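A note on names: the letters A, B, ... follow the listed sequences, proteins ahead of strands, and every chain is numbered from 1. The shown structure was predicted, so the numbers you read here are calculated from the model rather than taken from an experiment.
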Number of protein chains: 2
Amino acid sequence: MPARPTPPAAPPPLTEPVEDYLKAIYELETRSGAAATSDVAQALRVAPASVTGMIRRLATQGLLDHVPYRGVQLTDLGRRAALRTIRRHRILETYLTQVLGYAWDRVHDEAERLEHAASDDLIERMSAALGHPTADPHGAPIPTADGRVDERTHRTIADLAVGETVRMLRVSDKDPELLRYLAGIALQPGVEITLLSRAPFDGPLTLRVADGEPVVGSTLAAQVLIEPLPARNAQRAVTPTGDRNTTTDARPRSARKSAR
Amino acid sequence: MPARPTPPAAPPPLTEPVEDYLKAIYELETRSGAAATSDVAQALRVAPASVTGMIRRLATQGLLDHVPYRGVQLTDLGRRAALRTIRRHRILETYLTQVLGYAWDRVHDEAERLEHAASDDLIERMSAALGHPTADPHGAPIPTADGRVDERTHRTIADLAVGETVRMLRVSDKDPELLRYLAGIALQPGVEITLLSRAPFDGPLTLRVADGEPVVGSTLAAQVLIEPLPARNAQRAVTPTGDRNTTTDARPRSARKSAR
DNA sequence: GCCAATATTTAGTCTCGCCTAAAGATTGAG
DNA sequence: CTCAATCTTTAGGCGAGACTAAATATTGGC
């Protein structure tokens with residue numbers, strides 16, 4: 001039995017907790033600019049000391065850089081791994097809602113477990129079956145297989161001026177109760193929203209959504225991301241809802257670098 | 001914060017290794033009548049000592065009974081858990097082939113990972129989307145959600161008499177190479193098989209399958225399970241392929257206990 | 001610029017599954 | 001019936017990933 005030369009020594013696949021850490025750190029990093037130990041601990045519902053230990057391990061594996069008492073930063077390797085997991089999660093969420101009839105407040109937990117078990121092949125088949133969607137049911141952009149994603153930041157309903165009309169873009173997938181509430185007032189990605197009035201001192205806002213006029217608190221308002229309406233006489237031929245959340249790479253290579 | 005009375009103290013969900021052990025033990029038990037430590041070790045590619053340790057843990061959890069140096073036997077609880085995992089596995093395999101276009105030699109590994117992550121809800125949605133199939137792509141019967149399954153044993157091609165015509169029922173899902181080979185000679189569940197001739201001393205068999213006449217070795221022949229052709233003028237109204245592998249419980253409750 | 005509050009890390013354990021090596025039980029050949 | 005070959009179990013460890021308690025670093029208020 002001749003010992004095979006062990007060609008490039010395949011890197012062992014990441015464990016489930018490792019994927020969760022990378023995903024959480026990625027999200028903290030892009031959202032708040034930095035990822036503190038305690039933030040990661042809170043996101044993963046784990047003791048801070050556990051985070052310190054895991055961070056040391058991830059650093060030795062070249063997935064992130066760690067300056068003690070300062071914080072962590074994903075390396076390219078770590079970021080790619082995080083985006084791979086996020087892609088899986090969002091394609092799974094989309095598939096579960098579009099094909100299997102899940103309500104949008106029920107897909108998060110399911111996707112959270114499946115994202116660690118599904119093969120790349122399965123994810124790509126699901127993506128193809130969906131026509132390669134660029135956004136999940138909550139409006140979050142789906143990273144491409146080669147790890148690119150639209151990371152632009154957006155305004156929220158809380159930032160609206162009275163009388164302004166915009167389109168709902170996105171909301172977090174993590175709070176089922178919020179999602180059910182939003183569905184109840186017809187607030188879902190793609191719908192048009194007009195701010196009719198706002199009470200002073202961070203008070204409730206009155207919106208026009210579809211044919212309703214829901215009144216929402218400022219906390220909720222700050223969680224709903226929006227985008228401008230498309231130009232009135234669309235010069236770029238796009239479908240009304242198909243264009244939101246287009247990742248930079250979903251467009252042909254020739255068209256890149258122009259946006260952002 | 002009043003300490004909630006902790007109602008019935010929900011049993012913690014089984015871990016992935018535990019599900020794998022129960023599944024392997026179930027299969028050894030129903031196939032060979034008993035499950036020896038070393039058989040389990042071989043099935044799970046784990047050291048025998050590890051099996052002893054795990055078995056002790058499973059016994060304390062009431063999932064199986066263990067007589068040292070003798071063997072193990074699943075309790076009702078353990079059998080139910082095993083069948084739940086097997087149901088998941090087989091529905092997943094069916095879904096992957098029928099809906100997502102997987103080849104039948106590629107579904108085993110994928111299902112093996114997903115079966116631990118999918119919720120009951122997901123599995124039932126997939127089952128419904130498939131019209132509640134009773135057999136997986138390899139012909140294995142799918143246990144019902146309440147844990148019943150057709151456990152009848154069957155003859156194999158190796159048992160055929162020359163000139164006999166039967167229907168292929170089932171083959172193991174675990175050997176991709178075998179599955180590809182079978183697909184190449186049109187051997188798949190549901191097809192009719194006639195034994196044209198057999199060489200003496202356990203020699204190769206010549207079959208008629210579809211419009212081919214493949215010659216197969218006795219090892220392969222012993223792995224392909226068969227069933228009798230349905231009665232010529234079917235008195236029970238059944239679809240030709242729909243009746244194979246019907247679990248005892250797929251029929252209305254009123255019809256149970258009659259078969260077997 | 002000091003000190004207290006807060007954040008982070010270290011130190012020491014724990015459980016789960018796995019391993020190897022060695023000891024003990026069973027079985028079958030003669 | 002006995003002994004060697006073959007299980008099976010015990011003993012002792014290891015790595016991942018979590019925890020608590022205690023030590024240490026940073027920061028913000030004054």
Expressed in angstrom and rounded to an integer, what is the separation of [X] atom [atom1] from [N] atom [atom2]?
X	N	atom1	atom2	value
A/Asp20	D/dA16	CG	P	17 Å
A/Arg56	C/dA11	CZ	C1'	11 Å
A/His66	C/dA7	NE2	P	15 Å
A/Leu58	C/dT9	CG	P	13 Å
B/Ile55	D/dT9	CD1	C1'	11 Å

Side chains of [X] and [Y]: donor-acceptor distance under 3.5 Å anywhere?
X	Y	answer
B/Thr94	B/Asp136	no
B/Thr144	B/Asp146	yes
B/His108	B/His89	yes

Does anything in residues 20-30 of chain A pair up under salt bridge (Lys or Arg N to Asp or Glu O under 4.0 Å), and if so which pairs, sequence neighbours excluded?
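Every salt bridge (Lys or Arg N to Asp or Glu O under 4.0 Å) pair that includes a residue of residues 20-30 of chain A, provided the two are not neighbours, is A/Lys23-A/Glu112, A/Lys23-A/Glu115, A/Glu27-A/Lys174, A/Glu29-A/Arg79.
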
Treating primed atoms plus P, OP1 and OP2 as sugar-phosphate and everything else as base, which nucleotides of nucleotides 17-24 of chain D get B, S or - for protein heavy atoms under 4.0 Å?
BSBBB--B

Do B/Asp173 and B/Val107 touch side chain to side chain, with heavy atoms closer than 4.5 Å?
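B/Asp173 does not reach B/Val107 side chain to side chain.
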
Is B/Leu63 close to B/Leu74 at the side-chain level, that is, under 4.5 Å between some pair of heavy atoms?
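A side-chain contact under 4.5 Å is absent here.
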
Looking only at heavy atoms, which two atoms of A/Ala129 and B/Leu100 are closest? And how far apart?
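Distance-wise, the nearest heavy atoms are CB-CD2, 4.4 Å.
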
Between residues 77-85 of chain A and DNA chain D, which residues have a heavy-atom gap below 4.0 Å?
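Going residue by residue through residues 77-85 of chain A, none turns out to have a heavy atom under 4.0 Å of DNA chain D.
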
Given A/Glu151 and A/Thr30, is the side chain to side chain donor-acceptor pair (under 3.5 Å) satisfied, shown in steps?
CA-CA 8 Å; A/Glu151 286 180 342; A/Thr30 62; 5.5 Å; no

Look at the aromatic rings of A/Trp104 and A/His138 and report parallel, tilted or perpendicular, splitting at 30° and 60°.
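Taking A/His138 first and then A/Trp104, their aromatic rings lie parallel (interplane angle under 30°).
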
Looking only at side-chain N and O atoms, does A/Arg70 come under 4.0 Å of OP1 or OP2 in C/dT8?
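It does not, given that no N or O in the side chain of A/Arg70 lies less than 4.0 Å from OP1 or OP2 of C/dT8.
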
B/Thr37 near the nucleic acid: base, sugar-phosphate alone, or nothing, with a heavy-atom cut-off under 4.0 Å?
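If one applies the 4.0 Å heavy-atom cut-off, B/Thr37 turns out to touch the sugar-phosphate alone, with no base involved.
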
Using a 4.0 Å heavy-atom cut-off across all strands, classify B/Ser38 as base, sugar-phosphate, or nothing.
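Since only primed, P, OP1 and OP2 atoms lie under 4.0 Å of B/Ser38, the category is sugar-phosphate.
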
